[in-house]
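The structure under discussion appears below in the form of structure tokens.
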Number of protein chains: 2
Amino acid sequence: MPMSSQPMSRGTRVRGTRQAEALGSVLAELPAFSSAQEIHAELRRRGERVGLTTVYRQLQVLSQDGGVDTIRDESGETLYRRCRSSGHHHHVTCRSCGRSVEVEGRAIERWADRVAAEAGFVDVDHTVEIFGRCVDCA
Amino acid sequence: MPMSSQPMSRGTRVRGTRQAEALGSVLAELPAFSSAQEIHAELRRRGERVGLTTVYRQLQVLSQDGGVDTIRDESGETLYRRCRSSGHHHHVTCRSCGRSVEVEGRAIERWADRVAAEAGFVDVDHTVEIFGRCVDCA
DNA sequence: TCCTTATTGATAACGGTTTTCATTTTCTAC
DNA sequence: GTAGAAAATGAAAACCGTTATCAATAAGGA
């Protein structure tokens, strides 16, 4: 009966507990990339009693399942935000408030694959992040 | 006398001490992105007595001055390598050995600026890193 | 309900990096 | 060459985000 590591369509893992429900609802409303600690603080602000460890754990699972996107700020801290689009995409993120827009760039994917191949690399992956200041923060 | 938050004036300060000289020579020879601790270990291997703190400090200054490039591996650790070309560029880096090739991509810079502008962002910056497995490691 | 197993969370540990601060070294001025 | 001020060094401690521990709790099927 253990069905722990079932494939499970993405996102369905984190359901069933009060804590997961609360986290999901906070994530659904947060418009900006936020740190695990910020998310935890937001939960407490709402009166939800969820341990910080649990927040980290859930976010880890969610990001593996593709339910949340992650980026790293300049200090190296990991920031999370619920994923809007399901395919491969990148972000334009505000340095000040964390607000973020998802963008596609097929040309970029092709470029990355090409230059890597030219350099003799295989099994290629890439990270592209764009930072700036959004209208409100400028 | 605190000197913490204004470490040193500016410019190419890293010269003049035995430690800086040793670090510069190690950096010149290391072909791969390496962590501060790896670089420190390499210094010790060569019989140079340089403190880990000093390695971190020098690398920080060098990266600010553009003398070394930095990337972050998947665990969040910062890796350093002496900068080969002087202009803006990106890297194709081997996940296994850290070996890296510098590449240019004017099309990518333009793309990043454009999508950011379209999203209403200003003061735009971007990070692009490509990872793969190099010929030797594949 | 009972029972097995997964989940939770307070706390401790971890690991990379930065701070502290007393000591050493460098550099400039004699 | 030497003195003295300023900068650099480095061992140790602090820092801080994150992960591991593990006893207690909660969930869901029989």
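Reminder, nothing fancy here: chain letters follow the sequence lines and each chain counts from 1. Everything numeric in this text was worked out from a predicted model, so none of it was measured.
Put simply, CZ on B:R44 is 12 Å from C1' on D:dG10, counting in whole angstrom units. B:D73 has its CG atom 14 Å from the P atom of C:dG15, to the nearest Å. Between the C1' atom of D:dG28 and the CZ atom of A:R18 lies a distance of 17 Å, rounded to the nearest Å. Here the P atom of nucleotide D:dC16 and the CG atom of A:L52 are 15 Å apart, to the nearest Å. The separation between A:E77 atom CD and D:dT18 atom C1' is 10 Å, rounded to whole Å. Atom C1' of nucleotide C:dG16 and atom CD of B:E74 are separated by 16 Å, given to the nearest angstrom. Computed from coordinates, the A:E21 CD to C:dT7 P distance equals 15 Å when rounded to whole Å. As a whole-Å value, the separation of A:L59 CG from C:dG9 P is 13 Å.
Contact record, B:A32 with B:R99: CB-N, 3.5 Å, taken as the closest heavy-atom pair. The heavy-atom pair separating B:H89 from B:C83 by the smallest distance is CE1-SG, 3.4 Å.
Residues A:L27 and A:L59 have side chains in contact (heavy-atom distance under 4.5 Å, counting atoms from C-beta outward).
Dashed line: the shortest gap from a side-chain N or O of B:S75 to OP1 or OP2 of C:dG15 is not under 4.0 Å. Between B:Q58 and the phosphate of D:dT9, there is a side-chain N or O to OP1/OP2 separation shorter than 4.0 Å. Proximity of B:Y56 to the phosphate of C:dT17: a side-chain N or O atom is located under 4.0 Å from OP1 or OP2. Close to D:dG10, at under 4.0 Å from its OP1 or OP2, lies a side-chain N or O of B:Q19. Of the side-chain N and O atoms in B:T54, one or more sit less than 4.0 angstrom from OP1 or OP2 of D:dG10.
Aromatic ring pairs are classed by plane angle as parallel below 30°, tilted from 30° to 60° and perpendicular above 60°; the pair B:H126 and B:H90 is tilted.
For B:R57 and D:dG10, a side-chain-to-base donor-acceptor distance below 3.5 Å is present, hydrogens and geometry of angles not being considered. In terms of polar N and O atoms assigned as donor or acceptor, the side chain of B:T53 comes within less than 3.5 Å of the base of D:dA12 in a complementary pairing.
For B:Q60, whose side chain is taken as the heavy atoms from C-beta onward, the closest listed nucleotide among C:dT18, C:dT8, D:dG10 is C:dT18.
Within the cation-pi definition used here (under 6.0 Å to the ring centroid, within 45° of the axis), A:R95 does not qualify as a partner of A:F131.
Comparing B:T78 and A:V50 by the nucleotide of DNA chain C whose heavy atom lies nearest to each, the residue mapping closer to the 5' end is A:V50. Take the nearest nucleotide of DNA chain C for A:G51 and for B:L79: the residue whose nucleotide is more 5' is A:G51.
Residue B:R72 is out of contact with every strand shown, counting any heavy-atom pair closer than 4.0 Å. Within the 4.0 angstrom heavy-atom criterion, no nucleotide atom of any strand lies near B:S35.
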